[in-house]
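Here, residue 1 is the first one in the sequence, and each next residue gets the next number.
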Amino acid sequence: EWATVEVPFVPGFSATPIIEGRTIHSDGTVIPLTGKAEDLLVTKSNRNHLRVSVFNLPSVEVGSILEYKWTVTFGGGHILGAAGGEGEESYYSSALASSIPEWDVQQDIFVHKEHFYYNPFSTLESEVGSNIGWVINGEQASYLLYTQRLPAGAHVQVSPKRDYALDLQDVLPFRAEPQSPPEAAFRYNVRFFFTPYATSKDYWDNEIKRWSKAVEQSAGVSDGIRETANQITSGLATADLKARKLYEFVGGLENTDFSKTRSEQEREQERSRRRFRREVRSADEVLKEKRGTANDLVTLYLALVRAAGLSADALKVADRDQRIFDSNYLSLSQLDAMLVVLHIDGKEVYVDPGEKLCPFGQLHWKHSMAGGLQQGAALPVYTPPNSTKDAITAHAAELTLDGAGNVTGTVKILMNGPSALRWRQLNLTADESELRLQFTEEMRRLVPTGISVELTGFKGLAAAEGYLEVTVKVSGPLGTMTGKRIVLPGFFFSTGSRPQFVSDEKRERAVDLSYAEQVIDDTVYRLPAGYSVESAPPPSQLPWPEHATLVVKTSSSAGNLDVRHVFARAFALLDPKEYAALRDYYAKVAASDQQQIVLAAGSAK
């Protein structure tokens, strides 16, 4: 594992690194790293699901010493190997102000001792005196800023010569925790930045202005945009109706980020390229072609709603599944997605036109509670959380039991919000067999072990609004025979093999469950002839005020038993200070879910 080394190198944006390395075995044998960098470097996803370039050291075994270094050549204020042009200017503004190096202080293994040193002026001073020499958006990059996230008591040492050093001992390994925000926000590190600005506040004040100006240029209201907006909204009386109709129009255009003709790797490379270069085509161009990337379509929507007389601003946020916006990280490359906030009747309505099939007035979960920039607003802004009414999943099962405890029946699943969007978007990028395979696997994890699952159909896959409906046939052994009794799990949908993120006694980082939700399970059993209900989970409520609640209801009649299990969770992110309360609550939920149903033959009640 440790033979694989990540290199801070983006193909097409900087010169190919010069790589040197060797492996030293415990007996002193030296195996050099050979080959051209172009052949040694491959692209893969790292722990944060970002695309990175890596190389592998040769002949690594337990006890080996690994030595390696790389050099990336810069010159003349430009990154060698990158194409020039107007589209590159804003990229360099961000790239050169971003991490020049980044010291990864914390690893996944224990570090006994480590030493970092950086002298940014060793070669530049002789050529350009005291100036760094970079020119960013026409301004001299005369400042070197750094940020540090380090163990208590540790800090970077700066000498009078303006070189930087850090020495640490006994650094604990980074401990991954399930259901956590992206790890990069918590690992110990030091970042350096070349910038024309003396403070990070100055940097962001200027970058927001430049970004907002670029948005205004891209989302300019031309005659064609105005004519289209007027045609689409003709006869509509309210701003809300106009905004919805224009959202529907943009949603009907081709979104190239959700194209089946391109692989996921190709789509990710395109998103990365546009994120780093911040390229967004003009709304006019997108309208004429009736297609574009996610951010292109957001630009078009912004132009259309403004042309229709609505007040709206653009936002640029970090995808919460990959990173947390950090104002100390002086680069717009951390911001992935464009959104729009509408100002309607004194209210702010956040919309996500770039997420194909995302309902109006909702955000993809990774764009909710996400930090970033907004036109005309102070840094930073955060998008609102989702509402539980917009994240409902309902499982309704009608099951027939036989005298041996076997079950057959049908399950109907209804879902809206994030769950429905997940399957609807997968349907856009994968073939039908892959969609059915993934859904079947998820159902198998939801129902008791031994129950077979057969997917029969989807309804509403192509719709943005309304519920997605899925029908599944189930069958298999469910009950255990004990004399004249059949013992069943109390809740058909709560006994599957689900991950338990509350198994640890302590928690260092926030719990991230993506989005707030409601899950409604309703199971109706048709009892075998001669059997009646001896015991079942009693009606109960298990509240966790302002956080979650569990409600259980049961009712029985001749030959039937209806068990309802309703769980609502009102939070998506939870501070680690509340982890003890969360763990205690989920332990109570787990205990409740272990209840059983007992059916008895003959004269039992």
Side-chain angles (χ1 to χ4, degrees), residues 212 215-255 257-258 280-316 337-364 367-368 374-377 383-384 386-387 389-392 416-418 420-421 424-425 428 460-468:
S212 183
V215 169
E216 293 302 310
Q217 292 174 343
S218 298
V221 178
S222 65
D223 291 341
I225 293 288
R226 184 174 289 104
E227 181 181 353
T228 300
N230 290 337
Q231 289 176 352
I232 295 171
T233 60
S234 176
L236 300 178
T238 67
D240 180 75
L241 289 174
K242 291 179 180 180
R244 289 176 181 271
K245 195 66 175 179
L246 292 169
Y247 190 86
E248 181 182 344
F249 169 77
V250 172
L253 303 179
E254 182 185 352
N255 188 325
D257 283 1
F258 296 91
V280 178
R281 294 186 297 155
S282 71
D284 244 348
E285 184 180 354
V286 178
L287 180 62
K288 290 175 183 177
E289 294 188 7
K290 299 189 183 305
R291 67 192 299 268
T293 66
N295 288 347
D296 289 339
L297 296 176
V298 176
T299 303
L300 174 59
Y301 181 74
L302 180 64
L304 288 170
V305 294
R306 287 176 171 177
L310 278 66
S311 174
D313 292 310
L315 296 87
K316 195 77 179 290
M338 278 186 65
L339 311 173
V340 171
V341 57
L342 302 162
H343 309 287
I344 299 177
D345 299 330
K347 298 180 180 179
E348 293 185 338
V349 180
Y350 291 82
V351 292
D352 207 342
E355 287 293 330
K356 188 77 171 178
L357 300 180
C358 186
F360 178 86
Q362 298 181 32
L363 302 175
H364 192 291
H367 300 153
S368 65
Q374 178 179 325
Q375 289 182 300
T383 56
N386 75 298
S387 170
K389 70 180 178 61
D390 294 325
I392 297 174
N416 67 357
L421 183 60
R424 285 165 169 162
Q425 290 187 342
L428 296 172
L461 268 175
E465 304 287 343
Y467 282 88
L468 172 63

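Using a 4.5 Å cut-off on side-chain heavy atoms (C-beta onward), Y247 and C358 make contact. Inter-residue side-chain proximity for V215 and T299 is flagged as unmet; no heavy-atom pair is nearer than 4.5 Å. Two residues are said to be in side-chain contact when any heavy atoms from C-beta on lie closer than 4.5 Å; E355 and Q362 fail this criterion. Between V340 and V298 there is a side-chain heavy-atom pair separated by less than 4.5 Å.
Screening N230, V286, L287 against I225 for a side chain to side chain contact (heavy atoms under 4.5 Å, CB included) leaves a single residue, L287. Among the candidates K316, Q374, Q217, Q375, the single residue satisfying the side chain to side chain contact (heavy atoms under 4.5 Å, CB included) test with S212 is Q375.
A distance-only check finds a donor-acceptor pair linking the side chain of K356 to the backbone of L253 [under 3.5 Å]. For the pair T233 (side chain) and L236 (backbone), a donor-acceptor distance under 3.5 Å is absent. Under the 3.5 Å distance criterion, the side-chain polar atoms of N416 are matched with a main-chain donor or acceptor of I392. Proximity of a side-chain donor or acceptor of N255 to a complementary backbone N or O of G354 within less than 3.5 Å is detected.
Of all heavy-atom pairs spanning L342 and A243, the tightest one is CD1-CB, 3.8 Å. Residue E465 comes nearest to R424 through the heavy atom pair O-NH2, 3.8 Å, listed as atom of the first residue, atom of the second, then distance. Closest of all the heavy-atom pairs between A229 and L304 is CB-O, 3.6 Å. Contact between L357 and A463 at its shortest, heavy atoms only, is CD2-C, 4.2 Å. Of all heavy-atom pairs spanning V349 and G361, the tightest one is CG1-CA, 4.1 Å. In terms of heavy-atom proximity, L300 sits nearest to A283 at CD1-O, 3.6 Å.
Annotation: the span from H367 atom NE2 to L315 atom CG amounts to 11.0 Å, rounded to 0.5 Å. Between the CG atom in L428 and the CG atom in D257 there is a gap of 11.5 Å [rounded to 0.5 Å]. Note that CD of E227 is 10.5 Å distant from CD1 of I232, once rounded to the nearest 0.5 Å. Within the model, atoms OG of S368 and CG of D390 stand 11.5 Å from one another, a figure rounded to the nearest 0.5 Å. Taking OG1 of T383 as the start and OH of Y350 as the end, the distance is 7.5 Å to the nearest 0.5 Å. Note: T293 OG1 to R281 CZ = 7.0 Å, rounded to the nearest 0.5 Å.
Remark: D313 pairs with H343 by the side chain to side chain donor-acceptor pair (under 3.5 Å) rule, at least two apart or across chains. Legend: residues meeting side chain to side chain donor-acceptor pair (under 3.5 Å) with R226, ordered by chain and number and at least two apart, are absent.
Annotation: salt bridge (charged side-chain N to carboxylate O under 4.0 Å, His left out) contacts involving residues 243-253, sequence neighbours excluded, comprise D240-R244.
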